[in-house]
Structures are given as C-alpha cells and as structure tokens.
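Step one of this worksheet: look at the structure below.
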There are 2 protein chains.
Amino acid sequence: MARSTSTLRGQILEAALDLFATHGYRGTSLHDIATVVGCSKASLLYHFAGKDAILTELLSPAGEALAELDADLAELDDDRVVEAAVTGYVDLALRFRREVTVLFQDITETLCHPALAHVPGMAERLVASLAGRSTDPKRLVTAHMVLGAVFVTCAGDPDVPADVLREELLHGSLRTLGHTT
Amino acid sequence: MARSTSTLRGQILEAALDLFATHGYRGTSLHDIATVVGCSKASLLYHFAGKDAILTELLSPAGEALAELDADLAELDDDRVVEAAVTGYVDLALRFRREVTVLFQDITETLCHPALAHVPGMAERLVASLAGRSTDPKRLVTAHMVLGAVFVTCAGDPDVPADVLREELLHGSLRTLGHTT
DNA sequence: ACGATAACTGTCCGATCGGTCAGTCCTGAC
DNA sequence: GTCAGGACTGACCGATCGGACAGTTATCGT
C-alpha cells in the first residue's frame, strides 16, 4: 500500500469538500479532485463507489444532525419551539458551514440526492417550528426568511468573529420573527 | 419561415427560464430546452449565439435594474439609505423572482457570467447600504441576513398573496436590521 | 524469502455535452 | 412562376464527463 488507507480517504474528502463548496458539485470533476489530492482518478473510485458516494459521505453527518434537531423539536410545545428551533438551526448551520456552502452551490443536485431525501420534509417542519406552528401566512414568510438568512449568511462565510456571528444570527433571527425575549 | 422569428425566440426564452429555474443552468441542456419548445437543438443556436447568450438575455434586465438601484442608493445619505435599500431590494427581488431562482440554482456559474460581472460588487454595496454604511460587524451580519432572507424567500416562491409577501419581506427585513419605523 | 492481499494506476469505454455546417423548406417580393 | 433569403433541421464533431478493468506496486504475516 502506497499510503495508509485512512490518509488518502481523508484527503479526498477534504479536497472534495473544498472544491464542491467553491465550484459546486456539478462544477467539480473527479479529475479536479484527483489533481488536488495528487492521485489518479481511478484511485478515487477505488476508495469510493462513485462521485455520488463522496457527496453522500460528506453530507450525511449534517443530514443526521438535522434529523436529530427535527426529532427534538417535535417534542416541544408551541411556545417553546421557536427559540429552540432558532438556536438549533443556527448552531447546526455554523457547525456544518462548509456543507451548507456545498448545498448552496448546487441546491437541486444535492437535495435530490438519496442521502438527503428527508431534508426537504425536515426543512418544511423546521419552517413550521420557526413560525411557532402557526399557519398565518405572515409568520410563514418570516420563518422562510430566517431559513434563508442563516443559510446564506453561513454559506457566505463573512469575515466576522465566530461568537459575534453566532450572537447576531440568533438575535437577528429572533428579531425577524418578531420574537420578544 | 416556419414560424415568425419573435415567436420562437420568445418560446425559447420562456422555456429556458423555466428549466434554468427548476434544474439550474448547468442542469439544463440545449436538448432539454429544444424538447420543451418543440424544435431542434440547432434551431436554438440559430436564434442565439450559444447557451451563454440565452442566459445573458434572461438575466440582463435584472442586472440592469440592480445597477439602477445601486446608482440610486449611492446618492442617499446614511440615515435614509437603509429603508431605501430594503424597499428597492425587496421590490427588485419580487419583480425578478424567477431570475432570482435561476441565480439561486447555480450561483457560481451564473455570477461569473460576463453579463453579471458587476453583480458581486453591487451586492457588496447593497449590503453596506442595508447596514447603513456602518462597519460594525454586527450590522454587517444582519445586512447579510437580509440579503439572504429576501433572496431565498423569493426563490422559494411561497404560496402567499403577493401583497402579504411584499409587506412581510419589508417589515421582516427592517425588524432584522433593528430598524425602528 | 515469499506468496497473499490491499493500494493504486494507465487506459479504455459509452454517454452526453455545446457547437458547426451543409442543405432543406417555406414565404413573400417581383 | 420563380427566385432570393430567412427559418429551420439532421448529421456530425471534439471535448469532457463518470466509470470499468486488467495490471502493477508496495506491504505484511508467515
């Protein structure tokens, strides 16, 4: 073996995450990844079943974390769910900032991916939670706004200290929702 | 001539806008467009110089409108610019909702397009305007949040009456910015 | 020292893409 | 009628993509 297995696998995932976040999933070829890593394209396909498998492995942790949040929020009553949804969503988006950027780059291609099949449904429930499970169109719009605000801000990766960013995402989202603390 | 020129051109643009918004620019082939329109792929390339040219013609009006907003905002003083930026941006995003969706689907591919070369710079100035030209990191974060909130909400095309949507985008954005009316 | 096995690669393949081009078809002016 | 020119198309092209596969290299247990 030229390299230890885990080493090259990790390098491939790291390079792929970088390239997917910069140029999108469709905009990145296996050749591009192989060039960055410094191995052959065939080597990628030795470690991973295919290009899909790389994306799946990259996004699965974020998907599972979102599923956890989804389950947690389901057990809260309506007046407590809003703050929990905001905090959980912001922390999730910050923790998986690079994955969010990948999603942002190629939203349709990545969302229709098997590993993320449950995301649309969970996103819809997250919006419902952000809206305090109200069906008022106005509150649904603001909930969508929070979804987009945190999403794009994290994907944009602004040059701001992490704690300031988190604090402002939380407060800004609550202000958007008209939630008085 | 089988059809009047303008008819087929218009059908091509309409179909392309639809497909680009649904599957992204990269995810839509000339063959896809031709199939929807009901003509040959070669016919598309008779009416347009290339796939790029179709995207350019689709997004140019939105780009020009953004440039107008950019120029208008430049002439306002700091305490007036925030509300003007919010109103102008929301109205722009609503007017070019489908174009926003196209942008959302394939952000890197579309933004590096010649016709939209000035957009990143204008977007940056728009963020500055939304932040009241303050350099406070907290205000910059909230400005980015508004940018994303309106962007994603318009791209998502929620099933809400147009006037309610506009009203909530405006009020929600101002609340996000902590702007007391 | 030496197979067995895992790690890795060069090369080829079919599919699909955007784009070109010679040629056909139709229409309207004369 | 006819003919010039715009509208349109089928067939083809080179490039690039994800992927398959036989073969080579390096490592380790014995």
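A note on names: the letters A, B, ... follow the listed sequences, proteins ahead of strands, and every chain is numbered from 1. Just so we're clear, the structure is a prediction, and the values are computed from it rather than from any experiment.
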Do any pairs count as a ring-ring contact (aromatic ring centres under 6.0 Å, His included) and have a residue in residues 120-143 of chain B, sequence neighbours left out, and if so which ones? none

Atom CD1 of A:I33 to atom C1' of D:dG18: distance rounded to whole Å? 11 Å

Return the value, rounded to whole Å, for the distance between atom CZ of A:F48 and atom P of D:dG18. 15 Å

Listed pairs, N/O of protein and of nucleotides 12-16 of chain C, under 3.5 Å:
none

Pairs touching residues 48-102 of chain A that satisfy ring-ring contact (aromatic ring centres under 6.0 Å, His included), sequence neighbours left out: none

Contact class for B:L30 vs. all strands (heavy atom < 4.0 Å): base, sugar-phosphate, or nothing? sugar-phosphate

Quick one: is A:H47 getting a side-chain N or O under 4.0 Å of the C:dC8 phosphate, OP1 or OP2? yes

To the nearest angstrom, the CG-P distance between B:L45 and C:dG23 comes to 20 Å

Without decimals, in angstroms, what is the distance between B:L8 CG and D:dG6 P? 17 Å

Exam field: side chain A:D78 to backbone A:R133, donor-acceptor pair closer than 3.5 Å: no

Nearest-neighbour nucleotide for the A:K51 side chain, D:dG18, C:dC21, C:dG10 considered: D:dG18

Would you kindly give the CG-to-C1' distance between A:D52 and D:dC17, to the nearest whole Å? 13 Å

According to a strict under-4.0 Å criterion, is A:S43 in side-chain N/O contact with OP1 or OP2 of C:dT9? yes

Under the 3.5 angstrom rule, does the side chain of A:R97 hit a backbone N or O of A:C154 as a donor-acceptor pair? no

Residues in side chain to side chain donor-acceptor pair (under 3.5 Å) with B:S29, at least two apart? B:D32

Starting from P on D:dA7, measure out to CD on B:Q11 and report it in whole angstrom. 15 Å

A:Y25 meets the side chain to side chain donor-acceptor pair (under 3.5 Å) criterion, sequence neighbours left out, with A:D52

A:L44 atom CG is separated from D:dG18 atom P, nearest whole Å, by 10 Å

Summary of ring-ring contact (aromatic ring centres under 6.0 Å, His included) pairs that have at least one residue in residues 113-157 of chain A, sequence neighbours excluded: A:F104-A:F151

Output the rounded distance in Å from CG (A:L55) to C1' (D:dG18). 14 Å

For C:dC8, does either OP1 or OP2 sit under 4.0 Å from a side-chain N or O belonging to A:Y46? no

